[in-house]
Amino acid sequence: MTTDPRLRRTALTCAVVLAALVAGCTAEEPAPAPTPSSAVLAPGKPGEPAETIAPEDYEGMGDADVVTDADADFMTRMIGHHAQAVEMAQLVPDRSESAPLAKFADRIRLTQAGEIDYMSRWLEDQGLPVPAAATASSAAPSDGSGPRAPQAHDHGSMPGMLTDAEMTDLADAEGTAFDRLFLEGMIKHHAGALEMVDELSSAGRDETVQEFAANVAADQIAEIDRMSRLLDELPG
């Protein structure tokens with residue numbers, strides 16, 4: 001079976017986005033950040049919530065440590081997005097007979113669980129609530145400290161997310177049928193994450209978030225290529 005060419009085009013398009021993100025993160029003399037068009041968040045003191053600053057009040061703050069709503073929203077939403085990828089990867093050992101796929105899925109599980117931990121810490125550092133999905137998918141046990149918020153975004157609000165019905169079909173499948181559903185679903189899932197990075201590139205301001213997003217994009221572009229090859233190798 002050949003891979004849908006639209007998936008390969010998605011990866012190539014997002015590679016351009018990645019290059020733009022990296023260029024923006026490594027410029028030697030970046031231009032001064034313009035006054036944002038939406039509210040920004042200034043991290044509070046330890047244990048205190050972040051302060052929301054209106055665009056009209058931003059001028060004159062210089063290099064104050066602020067992030068935009070887009071930065072915070074990206075990190076919050078990506079936790080939920082990653083959490084589903086971890087859930088999908090956890091299905092593989094009991095359903096797939098492919099050793100290469102099992103190894104690859106374990107890499108996804110470990111990588112994205114680690115990134116969930118990173119995003120959770122970033123949100124906590126800004127005095128922002130961490131989605132409840134972070135606790136279930138974390139690579140490290142949580143001590144329960146810090147604010148927790150329910151997952152505010154349903155599956156339909158984030159690109160690439162599998163529906164409840166698709167997750168049920170995946171959990172019910174076995175063998176080659178499972179492998180095919182998993183790879184097709186995870187390729188779509190990764191492409192959705194790249195769309196989220198694309199959205200952030202034009203709206204975010206925080207350099208840490210931009211660099212993190214660039215790393216996420218690089219990993220997921222490489223993984224889309226690997227999954228496309230695994231999909232092509234399936235029998236039938």
Side-chain angles (χ1 to χ4, degrees), residues 1-4 6-8 10-11 14 75-120 130-142 148 150-197 215-236:
M1 174 181 176
T2 57
T3 305
D4 189 335
R6 290 175 297 178
L7 297 175
R8 296 190 185 277
T10 297
C14 290
M75 298 295 257
T76 300
R77 296 173 73 217
M78 192 59 81
I79 285 176
H81 204 274
H82 272 30
Q84 188 181 70
V86 171
E87 182 181 356
M88 293 170 66
Q90 288 172 335
L91 296 174
V92 174
D94 293 333
R95 293 165 176 80
S96 177
E97 298 176 359
S98 168
L101 179 58
K103 183 177 180 179
F104 180 76
D106 196 50
R107 180 187 185 280
I108 289 177
R109 179 184 64 82
L110 291 173
T111 299
Q112 299 213 14
E115 290 174 348
I116 287 172
D117 286 342
Y118 179 86
M119 291 184 283
S120 298
V130 178
T135 302
S137 303
S138 175
S142 170
R148 286 293 183 270
Q151 189 65 27
H153 305 278
D154 60 30
H155 291 183
S157 71
M158 288 183 281
M161 291 284 281
L162 272 64
T163 64
D164 290 340
E166 288 173 325
M167 287 296 293
T168 298
D169 288 344
L170 182 64
D172 289 344
E174 293 181 351
T176 301
F178 171 85
D179 295 349
R180 191 177 306 283
L181 285 176
F182 175 84
L183 290 167
E184 291 175 345
M186 192 65 84
I187 288 172
K188 181 180 81 167
H189 198 272
H190 275 34
L194 294 174
E195 289 183 36
M196 294 169 66
V197 171
N215 289 333
V216 169
D219 283 346
Q220 302 222 352
I221 288 170
E223 289 175 355
I224 285 174
D225 181 67
R226 173 60 175 149
M227 288 187 289
S228 297
R229 285 185 278 117
L230 286 171
L231 190 57
D232 287 342
E233 293 168 2
L234 290 180

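Values in this document were obtained by computation on a predicted structure and should not be read as measured data.
- For residues 89-104, there are no salt bridge (charged side-chain N to carboxylate O under 4.0 Å, His left out) pairs, not counting sequence neighbours.
- When atom types are taken as modelled, the side chain of Arg180 and the backbone of Pro235 share a donor-acceptor pair closer than 3.5 angstrom.
- We find the OG1-NE2 distance between Thr111 and His82 to be 8.5 Å, quoted to the nearest 0.5 Å.
- Closest approach of Leu162 and Gly185 over heavy atoms only: CD1-O, 3.6 Å.
- Contacts of His189 classified as ring-ring contact (aromatic ring centres under 6.0 Å, His included), with partners at least two apart in sequence or in another chain: His81.
- Between Ala89 and Ile108, the shortest heavy-atom distance links the atoms CB-CG2, 4.5 Å.
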Q. Given Asp106 and Arg109, is the side chain to side chain contact (heavy atoms under 4.5 Å, CB included) satisfied, shown in steps?
A. CA-CA 5 Å; Asp106 196 50; Arg109 179 184 64 82; 2.7 Å; yes
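- Residues passing the side-chain contact (heavy atoms from CB on, under 4.5 Å) test with Pro100, sequence neighbours excluded: Ser98, Arg226, Leu230.
- Atom CE of Met227 sits about 6.5 Å away from atom CE of Met186, to the nearest 0.5 Å.
- Listed here is the closest heavy atom pair of Met78 and Ala193: CE-O, 4.0 Å.
- Residues forming a salt bridge (Lys or Arg N to Asp or Glu O under 4.0 Å) with Glu166 (at least two apart in sequence, or on another chain): Lys188.
- Minimum interatomic distance between Leu183 and Leu234 (heavy atoms only, all atoms of both residues): CD1-CD1, 4.1 Å.
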Q: Give the intermediate values and the outcome of side chain to side chain contact (heavy atoms under 4.5 Å, CB included) for residues Gln84 and Met158.
A: CA-CA 11 Å; Gln84 188 181 70; Met158 288 183 281; over 6 Å; no
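- The salt bridge (Lys or Arg N to Asp or Glu O under 4.0 Å) search around Glu223 returns Arg107, not counting sequence neighbours.
- Looking at Asp232 and Arg229, no side-chain N of the basic residue comes within less than 4.0 Å of a carboxylate O on the acidic one, giving no salt bridge.
- Ala191 and Ile224 make their closest contact through N-CD1, 3.9 Å (heavy atoms, listed as atom of the first residue, atom of the second, distance).
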Q) Given Met167 and Met88, is the side chain to side chain contact (heavy atoms under 4.5 Å, CB included) satisfied, shown in steps? A) CA-CA 8 Å; Met167 287 296 293; Met88 293 170 66; 3.7 Å; yes
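- Counting all heavy atoms, side chain and backbone alike, Val92 lies closest to Ala102 at CG1-CA, 3.7 Å.
- Between Phe182 atom CZ and Leu91 atom CG the span is 8.5 Å, to the nearest 0.5 Å.
- In this view, Asp172 satisfies the salt bridge (Lys or Arg N to Asp or Glu O under 4.0 Å) rule with no residue, not counting sequence neighbours.
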